[in-house]
There are 2 protein chains.
Amino acid sequence: MIDNLDKVILRTLMDNARVSYADIAKNNRVSPATVHVRVEKMRKAGIIKGAKLKVDPRKLGFDVTCFIGIILKQAGDYPRALAKLEALSEVTEAFYTTGQYSIFIKVVVRNIDDLQRLLIERIQAIDEIQSTDTLISLQNPIMRDVGLDALGH
Amino acid sequence: MIDNLDKVILRTLMDNARVSYADIAKNNRVSPATVHVRVEKMRKAGIIKGAKLKVDPRKLGFDVTCFIGIILKQAGDYPRALAKLEALSEVTEAFYTTGQYSIFIKVVVRNIDDLQRLLIERIQAIDEIQSTDTLISLQNPIMRDVGLDALGH
DNA sequence: ACTGAAAGGTAAAAGGG
DNA sequence: CCCTTTTACCTTTCAGT
């Protein structure tokens, strides 16, 4: 399914998506064409979903990151609530979860005032939402990709 | 600080980091060299932190994503606990937070059995940790970058 | 399934307005 | 601050093994 060369290619590009296929080829003693073929294979298999530029939100003026656990009035309200959350650009991630919350979201905003307005005027204003719990992140000391070492084959 | 062209470049590359500078230049009626200069400027300013390949963890056999809220025995235990969490490759993100938890982490594992072992044998075994709450993610319907539209300049 | 070579395209640096 | 030019390198395709 996925061999050692695939893993090295993935690891390299997950770390820096702009490393040239030629460099990867050189380091692994294969031709650039082979690297190209492997990448295309993994893209078609859905393993590779794209390449994203990583930006620092703080450098752009988004200083506050927080997580919000959402309790819905009824379980069936999930699709409607999600659609309304998706319309808010400040909501960067959403998860449908087990446990006390139905939906768990990550929001990135400029400052605490913006967070307060977002919470009160736009999130708690959503009909389907019963209540929310907010967790403000002060630091983000770990942010990395899944380790491929646990991959067996 | 950051003008309209910078914003268009960021938006384009945040979506697809492999779009060529030549294409971006064409769409904005500037030269490829200008795009190159802008990207370098933003890299030096720390706005651009790199380009990452986006992979689908499920396609690689990591089927379970979850969040774990961690309560420490003492607030001062934070650095030691964090270092121990960092040593676990399954911990892909960590946040230092206000509220009921001191540390909030995201973990990605192969299955529920692995999650259970990780939790009991490696996380709850950390001396500095008093207790944990786990939130299993069943779906991840929203995963996107910060919207640049709120950016003033 | 990998390689080597060819064609076209791209990045990055240099120089000028 | 942006442009054009230039050079070297890169991706991608395809025939051959």
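As the structure is a prediction and not an experimental result, all values here were calculated from the model. Protein chains get the first letters and strands the later ones, always in sequence-line order, with residue 1 at the start of each.
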- What is the per-nucleotide protein-contact pattern of nucleotides 10-17 of chain C, from the 5' end, where B denotes a base atom under 4.0 Å from a protein heavy atom, S denotes such proximity for sugar-phosphate atoms only, and - denotes neither? SSSB----

- Query: What integer distance in Å separates A:Ile24:CD1 from C:dT3:P?
  - Reply: 14 Å

- Message: Any base atoms under 4.0 Å from B:Val30, or only sugar-phosphate, or nothing? Heavy atoms, all strands.
- Response: sugar-phosphate

- Message: Could you tell me how far apart B:Met42 (CE) and D:dC1 (C1') are, to the nearest whole angstrom?
- Response: 15 Å

- State, yes or no, whether a side-chain contact exists between B:Gln116 and B:Ile120 at a heavy-atom distance under 4.5 Å. yes

- Query: Under 4.0 Å between a side-chain N or O of A:Thr34 and OP1 or OP2 of C:dT3?
  - Reply: yes

- Message: Under 4.0 Å from OP1 or OP2 of D:dC3: is there any side-chain N or O of B:Ser31 that close?
- Response: yes

- Message: How many whole angstroms separate atom CG of B:Asn28 from atom C1' of D:dC3?
- Response: 16 Å

- Query: Salt-bridged, A:Asp3 to A:Arg38, with N to O below 4.0 Å?
  - Reply: yes

- Task: For B:Asn27 and B:Ile24, indicate whether the former's side chain and the latter's backbone hold a donor-acceptor pair under 3.5 Å.
- Result: no

- Take the protein atom CZ of A:Arg38 and the nucleotide atom P of D:dT13, then report the distance between them rounded to whole Å. 17 Å

- Task: For the pair B:Asn28 (side chain) and B:Val30 (backbone), establish whether a donor and an acceptor sit closer than 3.5 Å, ignoring hydrogens and angles.
- Result: no

- Query: Mind checking who shares a hydrophobic cluster with A:Val8, ILVMFWY linked at side-chain heavy-atom distances under 4.5 Å?
  - Reply: none

- Message: Closer than 4.0 angstrom, basic N to acidic O: yes or no for B:Arg18 and B:Asp23?
- Response: no

